[in-house]
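Some notes on the structure that comes next.
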Amino acid sequence: MRTDMPELPDRGPKFGSNEYRASFRESVRRRPSGTVYVLAVFLLLLSILGFIVWRIEAFDDWFWISLPAYFLVANGIEYWLHRYPMHHRMRLMPVVYEHVTIHHNFYADEHFYFEQPEDYYAAILPYYIFVGLSLVIALIAGVVGFVFGADRGWQFALVGYSYYLLYEALHFSYHTRAGGLLKRIPFVDYLSRGHLYHHRIGLMSRYNFNITFPIFDKIFRTQYKE
């Protein structure tokens, strides 16, 4: 079963309301500080990248030639995951949809930005999506390594986790207010505007599914510009 819009609860706080935001903050109050959580996520990803770099024997010409293709695959996976299982309830991937429903419920319409550390929990991907994406990266890297050699597989894994880190860093920056460290970079500010259009309730299920670079949004004509 698929739905084109996030499901609105019959009871409880209104979708995108201050009441919902308050109830979510209360639900994560006993967890580690949002700042600690974000730092732990980024340190974990950097540690994984460091391990992969250590396993790669050489960055030869093949790596640099194949890098654009690897990046395009990662961008396509990002687009597909965001447009379909993240925005349409699919039987085999319900938890992905549930996280995005929380994310869009918390950051809807005028409520785009972090106000306190608890808000980070509604933006950073949770552990079960991290595990799922890690399995996808491992599967593709395993196939590449089996066909072309172990070094090629590790190189794909490097690109996959680098893209994941880029995704989290950019997405986190989009929800910071103007003047944030990354938003001072012109193209990041441009990308953030596209993502915040996506958070409007009337647009979220139809436009701007690429979080990083809108390559596949351009290909499938789902990029929204005001």
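Here the straight-line distance linking atom CD1 of Ile129 with atom OG of Ser134 works out to 11.5 Å at 0.5 Å rounding. Rounded to the nearest 0.5 angstrom, Leu133 CG and Tyr128 OH are separated by 12.0 Å. Atom CD1 of residue Ile211 and atom CE of residue Met86 lie 7.5 Å apart, to the nearest 0.5 angstrom. A distance of 11.5 Å separates OG1 in Thr212 from CD in Glu168, rounded to the nearest 0.5 Å. Here the OG1 atom belonging to Thr222 is positioned 5.5 Å from the CZ atom belonging to Arg83, to the nearest 0.5 angstrom. The OH atom of Tyr161 sits 11.0 Å away from the CZ atom of Phe51 when rounded to the nearest 0.5 Å.
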Discussion item. Is there a side chain to side chain contact (heavy atoms under 4.5 Å, CB included) between Ser192 and Asp189? Walk through the geometry before answering.
Written reply: CA-CA 5 Å; Ser192 72; Asp189 186 56; 3.8 Å; yes
Worksheet entry | Test side chain to side chain contact (heavy atoms under 4.5 Å, CB included) applied to Ile48 and Tyr164, step by step | CA-CA 11 Å; Ile48 292 172; Tyr164 190 167; over 6 Å; no
Worksheet entry | Trace of the ring-ring contact (aromatic ring centres under 6.0 Å, His included) decision for His111 with Phe106 | CA-CA 7 Å; His111 299 300; Phe106 196 90; 8.4 Å; no
Item to complete: Test Asn208 against Tyr224 for side chain to side chain contact (heavy atoms under 4.5 Å, CB included), laying out the working first.
Response: CA-CA 6 Å; Asn208 295 8; Tyr224 177 87; 3.6 Å; yes
Practice prompt. Mind running side chain to side chain contact (heavy atoms under 4.5 Å, CB included) on Leu158 and Val53 for me, showing each step along the way?
Written response: CA-CA 7 Å; Leu158 176 65; Val53 169; 3.7 Å; yes
Worksheet item: So Tyr37 and Tyr121, ring-ring contact (aromatic ring centres under 6.0 Å, His included) or not? Walk me through it.
Response: CA-CA 8 Å; Tyr37 175 61; Tyr121 278 99; 4.5 Å; yes
Item to complete: Please test His199 against Tyr174 for ring-ring contact (aromatic ring centres under 6.0 Å, His included), starting from the C-alpha separation and ending with a verdict.
Response: CA-CA 11 Å; His199 272 272; Tyr174 298 162; 9.5 Å; no
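Hydrophobic cluster membership is shared by Ile137 and Tyr127, with clusters built from Ile, Leu, Val, Met, Phe, Trp and Tyr side chains linked at under 4.5 angstrom. Put simply, Leu39 and Val36 are part of two different groups of oily side chains (I, L, V, M, F, W, Y) that touch within less than 4.5 Å, one to the next. In the hydrophobic clustering of this structure, Phe187 groups with Tyr167; members are Ile, Leu, Val, Met, Phe, Trp, Tyr whose side-chain heavy atoms approach within less than 4.5 Å, directly or through other members. Cluster membership check: Val159 does not share its hydrophobic cluster with Leu139, using side-chain heavy-atom separations under 4.5 Å among Ile, Leu, Val, Met, Phe, Trp and Tyr. Residue Ile140 is grouped with residue Leu45 when hydrophobic side chains (ILVMFWY) are merged at heavy-atom distances under 4.5 angstrom, including chains of intermediate members.
Using the six-membered ring where Trp is involved, Phe114 and Tyr120 have ring planes that are perpendicular, over 60° apart on the 30 and 60° scheme. Between His103 and His175, the angle of the ring planes goes over 60°, which puts this pair in the perpendicular group of the 30/60° scheme. Between His82 and His198, the angle of the ring planes goes over 60°, which puts this pair in the perpendicular group of the 30/60° scheme. Using cut-offs of 30° and 60° for the angle between ring planes, the Tyr20 and Phe24 rings count as parallel. Note on ring orientation: taking the six-membered ring where Trp is involved, the planes of Trp64 and Phe59 are tilted (angle from 30° to 60°).
Asn75 contributes no side-chain N or O that, together with a main-chain N or O of Asn210, makes up a donor-acceptor pair within less than 3.5 Å. A donor-acceptor pair under 3.5 Å is absent between the side-chain atoms of Tyr163 and the main chain of Val73, judged by distance alone. Counting only distance, with no hydrogens or angles, the side chain of Gln155 and the backbone of Ala58 share a donor-acceptor pair below 3.5 Å. Side-chain N or O atoms of Gln223 include none that pairs as donor or acceptor with a backbone N or O of Pro214 at under 3.5 Å. A donor-acceptor contact shorter than 3.5 Å links the side chain of Asp217 to the backbone of Phe209.
The two residues Ile201 and Met204 come nearest to each other via the heavy atoms CA-CE, 3.4 Å. Across all non-hydrogen atoms, the minimal contact from Leu72 to Ile215 is CD1-CG2, 3.9 Å.
Annotation for Phe146: atom CZ does not count as buried by contact number, only 12 or fewer foreign heavy atoms lying within 6.0 Å. The environment of Asp61 atom CG is sparse: at most 12 non-hydrogen atoms of other residues, nucleotides or ligands sit within 6.0 angstrom. Within 6.0 Å of CD in Glu57 there are 12 or fewer heavy atoms belonging to other residues, nucleotides or ligands.
Under a 4.0 Å N-O distance rule, the pair Asp60/Arg152 qualifies as a salt bridge.
Side-chain contact between Phe63 and Trp154 is absent, with no heavy-atom pair separated by less than 4.5 Å. Under the 4.5 Å side-chain criterion, counting only non-hydrogen atoms from C-beta, Tyr113 is in contact with Leu196.
Aromatic pair Phe220/Tyr79: centroids less than 6.0 angstrom apart.
If you run salt bridge (charged side-chain N to carboxylate O under 4.0 Å, His left out) between Glu118 and each of Arg21, Arg29, Arg25, only Arg29 comes through.
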